[in-house]
*Asks:* 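I have a structure here, written as structure tokens, and I will follow up with some questions on it.
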Amino acid sequence: MTDLLYEKQGAYLQGKGDGILESAQLMIDAGILTPEKAAELFKVRKEDILSKKKSSNLAK
């Protein structure tokens, strides 16, 4: 039972992290923030934001 709880929490945190990258990318795309400022504000690596954009462009 405990393992299931940890799995759910891990999945929630993974999804929450993806939302942060999406939010950062949207602000960059809108011209509100630079990649450097978005990385600082959202506490993520600039490379993670930019790689997310590259992978979404490849999917289109």
Side-chain angles (χ1 to χ4, degrees):
M1 189 71 157
T2 303
D3 291 339
L4 183 60
L5 178 62
Y6 284 127
E7 283 183 35
K8 284 184 177 181
Q9 288 174 341
Y12 171 76
L13 292 174
Q14 176 67 35
K16 188 175 178 183
D18 291 343
I20 289 172
L21 289 175
E22 275 186 41
S23 297
Q25 189 61 57
L26 287 171
M27 294 187 96
I28 292 168
D29 292 344
I32 297 170
L33 293 173
T34 63
E36 293 80 13
K37 285 291 183 186
E40 182 182 330
L41 178 67
F42 289 99
K43 294 180 177 41
V44 294
R45 295 180 328 144
K46 182 174 84 168
E47 294 80 17
D48 291 339
I49 298 169
L50 298 177
S51 68
K52 185 94 167 167
K53 183 176 182 177
K54 286 180 185 176
S55 64
S56 68
N57 284 342
L58 293 176
K60 290 182 181 179

*Asks:* Treat each ILVMFWY residue as a node, draw an edge where side-chain heavy atoms are under 4.5 Å apart, and state whether Leu26 and Ile20 are in one component.
*Replies:*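 Different clusters: Leu26 never reaches Ile20 through Ile, Leu, Val, Met, Phe, Trp or Tyr contacts under 4.5 Å.
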
*Asks:* Going hydrophobic residue to hydrophobic residue with side-chain gaps under 4.5 angstrom, can you get from Ile32 over to Ile28?
*Replies:*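 Yes, one cluster joins them.
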
*Asks:* Can Leu33 and Phe42 be said to form a side chain to side chain contact (heavy atoms under 4.5 Å, CB included), step by step?
*Replies:* CA-CA 11 Å; Leu33 293 173; Phe42 289 99; 4.2 Å; yes

*Asks:* Of all the heavy-atom pairs spanning Pro35 and Ile49, show the shortest one and how long it is.
*Replies:*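 In this case the closest contact between Pro35 and Ile49 is O-CD1, 4.4 Å.
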
